[in-house]
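A quick write-up on the structure given underneath.
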Amino acid sequence: MEKIYVHPLPVRIWHWINALSFILMILTGIQIRYIGVVNLMPFKAAVDWHNWIGFVLIGNFFIWFLFYLFSDKIKVYHPELSPMKHFRDSFRQMKYYGYGIFKGDPNPHHVSVYHKFNPMQSMTYQIIMLLIVPIQFFTGILLWDVERFQASVNFFGGVRVVDTVHVLAFIFFVAFIFIHPYLASLGHTPSAHFKAMFTGYEEID
Ligand code: HEM
C-alpha cells in the first residue's frame with residue numbers, strides 16, 4: 001500500500017487542539033446555556049473555562065489560516081475545476097455517501113497531495129473555517145464583555161440577536177461534531193483518516 005503525505009504538521013497540531021477545544025466549548029456552553037437543567041460543573045467554572053478556551057481556539061485558528069495563506073497547499077482548497085464540474089462532482093460524492101457506499105460502490109474521489117479533499121469536503125470546510133467559525137469567534141468576543149463592546153452589540157441589534165447567532169452556530173457545531181467524524185470514518189478502513197490526521201500520511205490503494 002502506497003503512502004502519501006497529506007496533512008502537514010501545522011494542520012495536524014491545529015486540528016487536534018481545535019477538536020478538543022470545540023468539545024470543551026460545547027460542554028461548558030451547554031452548562032452556561034442550560035443552567036438549572038444540566039449540572040455538569042459549577043456555573044462560574046463553566047464561564048471561566050469557556051472564556052479561556054475560546055481565546056485558545058481563536059489563537060489556534062491562525063495556525064490553520066496562516067499556514068494555508070503562506071503555503072502552496074492552499075491548492076487543496078482550490079482544485080482547478082470549473083464550477084459546473086465542482087457541483088457535478090459534489091453531487092456524485094453525496095450520492096456515494098447516501099446510497100452507493102451501502103451497495104459497495106467505490107469512492108468516486110481519489111486522494112492525491114493536492115486533491116486530498118473531495119469537492120464536498122473542500123466546500124464545507126471552507127464555509128465552516130471562513131464563515132461559521134469566524135462568526136462564532138466574533139459573537140463570542142462581543143458576549144465575553146458586552147459592556148466594553150456595547151456599541152458593536154447595539155449595532156448588531158442587541159445582546160439577544162448576538163446571542164441567538166452564537167447559539168445557532170453552536171447548534172451547527174454540535175451536529176458537525178457527530179457528522180464530521182462519521183464521514184471521516186468512511187475511508188478504506190474506519191480508522192484510516194483518523195490515523196492520517198495524526199501521522200500526516202494517507203494510505204492509497
Ligand atoms: C471529535 C472531533 C473531531 C474528529 C474526530 C475529527 C476528525 C477529522 C479527520 C479524521 C480529518 C481528516 C480527514 C478528513 O478531512 O475527513 C479531519 C479534517 C478536518 N477537520 Fe476534523 N475532526 C474533529 C473535529 C473538528 C472540528 C470541531 C472542526 C472545526 C470546527 C474540524 C474541522 C476540520 C477541517 C477544516 C479539516 C480539514 C483540515 C485541513 O485543512 O486539512 N474538525 N477531521
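Every value quoted in this text rests on a predicted model; they were computed, and no experiment measured them. As the structure lists them, so they are numbered: ligands from 1, and atoms in each ligand from 1.
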Which heavy atom of [X] sits nearest to which heavy atom of [Y], and what is that distance?
| X | Y | result |
| --- | --- | --- |
| Met25 | Gly54 | CE-CA, 3.5 Å |
| Ser112 | Ile4 | CA-CD1, 3.6 Å |
| Ile204 | Met1 | O-CG, 3.5 Å |

Could you tell me whether Phe65 and Trp14 have their ring centroids closer than 6.0 angstrom? no
For the rings on His50 and Phe43, is their centre-to-centre separation under 6.0 Å? no
Can you find a pair of side-chain heavy atoms, one from Met120 and one from Tyr97, that are under 4.5 Å apart? yes
Do Gln93 and Phe117 come within less than 4.5 Å of each other through their side chains, counting heavy atoms only? no
Mark up the atoms of ligand 1 that fall under 4.0 Å of a heavy atom belonging to [X], in ascending order.
| X | value |
| --- | --- |
| Phe22 | 27 (C), 30 (C) |
| Val11 | 39 (C), 41 (O) |
| Ile177 | 27 (C) |
| Asn18 | 26 (C), 27 (C), 28 (C), 29 (C), 30 (C), 31 (C) |
| Gln121 | 14 (C), 15 (O), 16 (O) |

What residue and heavy atom of the protein are closest to [atom], and at what distance?
| atom | result |
| --- | --- |
| atom 7 (C) of ligand 1 | His15 CE1, 3.5 Å |
| atom 41 (O) of ligand 1 | Lys116 NZ, 2.6 Å |
| atom 40 (O) of ligand 1 | Tyr77 OH, 2.7 Å |
| atom 9 (C) of ligand 1 | Met197 CG, 3.8 Å |
| atom 23 (C) of ligand 1 | His180 CD2, 3.4 Å |
| atom 10 (C) of ligand 1 | His193 O, 3.3 Å |
| atom 2 (C) of ligand 1 | Ala19 CB, 3.8 Å |
| atom 35 (C) of ligand 1 | Trp14 CH2, 3.6 Å |

Relative to atom 39 (C) of ligand 1, which among Phe178, Phe176, Phe194, Tyr68 owns the nearest non-hydrogen atom? Tyr68
Side chain to side chain contact (heavy atoms under 4.5 Å, CB included), paired with Phe70, selected from Ile74, Leu66, Asp72: Leu66
Do the ring planes of Tyr68 and Trp64 sit parallel (below 30°), tilted (30 to 60°) or perpendicular (above 60°)? perpendicular
